[in-house]
K.L.:
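Mind having a look at this structure? Questions to follow.
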Amino acid sequence: MSPTRFAYDVGKSRIGAARAVSGTSVVLPITTYRVMPMEVHFDEILDDLETYQPEIIYVGLPLHLNGKAGISVEMAKEFAAKLQELYPQGTIRLIDERLTTATAHQHLAAAGISGKKRGGVVDQVAACVILEQAIAAEESTGELAGLPFDVKKNRREKK
């Protein structure tokens, strides 16, 4: 039976979240968290983690199209480090998420949702796309998708 999995699409002002129901590959949006001062948004994130108790957590790694890392990658790694601190029972994986936001906008356009109405849900849909890609990779390889996140290695890289 497959574990409960989460995915996050991390941005400067919003974080989209999605989950896959345990035992299935059904992906559902959870919510969009507003990034707030003093990291208050982590209270809501932790509430959802404790409610759903995911075993695997995918954090989107927003690499540039050429594969290079920018400031957004560091932001995603910092988010993953905070998740690991707050929810150590989850296995955190970083997964390439190039073009997921563009794909999310395409899905919303196809559903007839106008540009103005997309703002509140595009991050959730992007998180769904990240999780769908991870599940597809899991099913084709038999292994977890992405790269394992190691907070110690991440901190060494930042020095």
Side-chain angles (χ1 to χ4, degrees), residues 1-63 72-108 111 113 117-154:
M1 187 153 97
S2 60
T4 299
R5 297 170 299 244
F6 262 37
Y8 291 100
D9 178 59
V10 181
K12 291 179 188 174
S13 59
R14 295 184 308 262
I15 299 166
R19 71 182 177 100
V21 180
S22 181
T24 74
S25 58
V26 175
V27 175
L28 303 169
I30 298 172
T31 193
T32 299
Y33 307 99
R34 296 268 177 225
V35 175
M36 300 181 355
M38 308 292 290
E39 298 185 334
V40 174
H41 53 281
F42 276 105
D43 293 342
E44 292 177 51
I45 291 169
L46 186 56
D47 285 346
D48 286 337
L49 289 169
E50 290 174 348
T51 298
Y52 296 108
Q53 299 182 348
E55 297 166 56
I56 311 297
I57 301 170
Y58 288 104
V59 175
L61 199 60
L63 298 168
S72 295
V73 167
E74 288 307 313
M75 190 170 50
K77 287 181 177 181
E78 288 173 19
F79 178 82
K82 185 69 174 182
L83 282 182
Q84 193 170 56
E85 175 187 323
L86 293 173
Y87 192 75
Q89 61 270 41
T91 299
I92 298 175
R93 310 280 296 184
L94 301 175
I95 188 163
D96 185 345
E97 64 136 310
R98 283 177 271 193
L99 300 177
T100 56
T101 300
T103 302
H105 278 289
Q106 290 172 348
H107 288 327
L108 291 168
I113 299 172
K117 293 180 182 175
R118 291 181 201 163
V121 296
V122 71
D123 301 290
Q124 292 174 48
V125 176
C128 288
V129 172
I130 291 167
L131 192 49
E132 288 166 351
Q133 290 174 349
I135 290 169
E138 288 176 6
E139 289 173 350
S140 71
T141 66
E143 298 180 8
L144 294 177
L147 302 170
F149 178 74
D150 181 348
V151 72
K152 292 176 188 170
K153 180 182 176 198
N154 185 50

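By convention here, the first residue in the shown sequence is residue 1. Heavy-atom basis, side chains included; hydrogens, waters and symmetry copies ignored.
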K.L.:
If every non-hydrogen atom of Pro54 is compared with every non-hydrogen atom of Leu49, which pair is closest and at what distance?
P.N.:
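Smallest heavy-atom distance, with atoms named: CD-O, 3.4 Å.
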K.L.:
Any idea which heavy atoms bring Ile135 and Ala20 closest together, and the distance?
P.N.:
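In this case the closest contact between Ile135 and Ala20 is CD1-CB, 3.7 Å.
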K.L.:
To the nearest 0.5 angstrom, please state how far the NE2 atom of His41 sits from the CG atom of Leu46.
P.N.:
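Between His41 NE2 and Leu46 CG, I get 12.0 Å after rounding to 0.5 Å.
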K.L.:
Main chain of Gly146, side chain of Arg93: is a donor-acceptor contact present, judged purely on distance under 3.5 Å?
P.N.:
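The answer is yes, because a donor-acceptor pair under 3.5 Å joins these two groups.
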K.L.:
Do Asp96 and Leu61 touch side chain to side chain, with heavy atoms closer than 4.5 Å?
P.N.:
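Not in contact.
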K.L.:
Check each of Ile57, Val59, Leu83, Ile130 against Phe6 using the side-chain contact (heavy atoms from CB on, under 4.5 Å) test, and report the only one that passes.
P.N.:
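Of the listed residues Ile57, Val59, Leu83, Ile130, the side-chain contact (heavy atoms from CB on, under 4.5 Å) partner of Phe6 is Ile57.
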K.L.:
What closest approach, in Å, do Arg5 and Ser25 show between heavy atoms, and which atom pair accounts for it?
P.N.:
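Distance-wise, the nearest heavy atoms are NH2-CA, 4.1 Å.
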K.L.:
The criterion is salt bridge (charged side-chain N to carboxylate O under 4.0 Å, His left out); which residues satisfy it with Glu39, sequence neighbours excluded?
P.N.:
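Expected list: Lys82.
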K.L.:
What's the spacing between Leu131 CG and Ile30 CD1 if we round to 0.5 Å?
P.N.:
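Between atom CG of Leu131 and atom CD1 of Ile30 there are 9.0 Å.
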K.L.:
I'd like to check the side-chain contact (heavy atoms from CB on, under 4.5 Å) partners of Ala145; sequence neighbours left out, ordered by chain and number.
P.N.:
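Scan of Ala145 (side-chain contact (heavy atoms from CB on, under 4.5 Å), adjacent residues dropped) gives Tyr58, Ile95, Ala134, Ala137.
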K.L.:
Mind listing the closest non-hydrogen atom pair of Pro29 and Gln124 along with its distance?
P.N.:
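Closest heavy-atom pair between Pro29 and Gln124: CB-OE1, 3.4 Å.
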K.L.:
If I take atom CG from residue Asp43 and atom CE from residue Met38, how far apart are they, to the nearest 0.5 angstrom?
P.N.:
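Going from the CG atom of Asp43 to the CE atom of Met38 covers 11.0 Å.
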K.L.:
Only counting residues at least two apart or in another chain, list the ones meeting side-chain contact (heavy atoms from CB on, under 4.5 Å) with Leu28.
P.N.:
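Partners of Leu28 by the side-chain contact (heavy atoms from CB on, under 4.5 Å) criterion, ordered by chain and then number, come out as Arg19, Val21, Val26.
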K.L.:
Going by the rule side chain to side chain donor-acceptor pair (under 3.5 Å), which residues pair with Tyr33 if we only count those two or more places apart in sequence or in a different chain?
P.N.:
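Listed in chain order: Asp48.
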K.L.:
Tell me, please, which residues at least two apart from Gln53 pass side-chain contact (heavy atoms from CB on, under 4.5 Å).
P.N.:
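Per chain and number, Gln53 pairs via side-chain contact (heavy atoms from CB on, under 4.5 Å) with Tyr87.
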K.L.:
Check the pair Glu138 / Glu143 against side-chain contact (heavy atoms from CB on, under 4.5 Å), numbers first and verdict last.
P.N.:
CA-CA 5 Å; Glu138 288 176 6; Glu143 298 180 8; over 6 Å; no
K.L.:
Please list, chain by chain and in numerical order, all residues satisfying ring-ring contact (aromatic ring centres under 6.0 Å, His included) with Phe79, sequence neighbours excluded.
P.N.:
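Scan of Phe79 (ring-ring contact (aromatic ring centres under 6.0 Å, His included), adjacent residues dropped) gives Tyr8, Phe42.
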K.L.:
Looking only at non-hydrogen atoms, find the nearest pair between Pro62 and Val73 and report the distance.
P.N.:
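The pair with the smallest heavy-atom distance is O-CG2, 3.6 Å.
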K.L.:
Do Arg34 and Ser13 make a side-chain contact, defined as non-hydrogen atoms from C-beta onward lying under 4.5 Å apart?
P.N.:
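A side-chain contact under 4.5 Å is absent here.
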K.L.:
Flag the pair Ile56 / Leu144 as yes when at least one side-chain heavy-atom distance between them is below 4.5 Å, and no otherwise.
P.N.:
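The answer is yes; the side chains approach within 4.5 Å.
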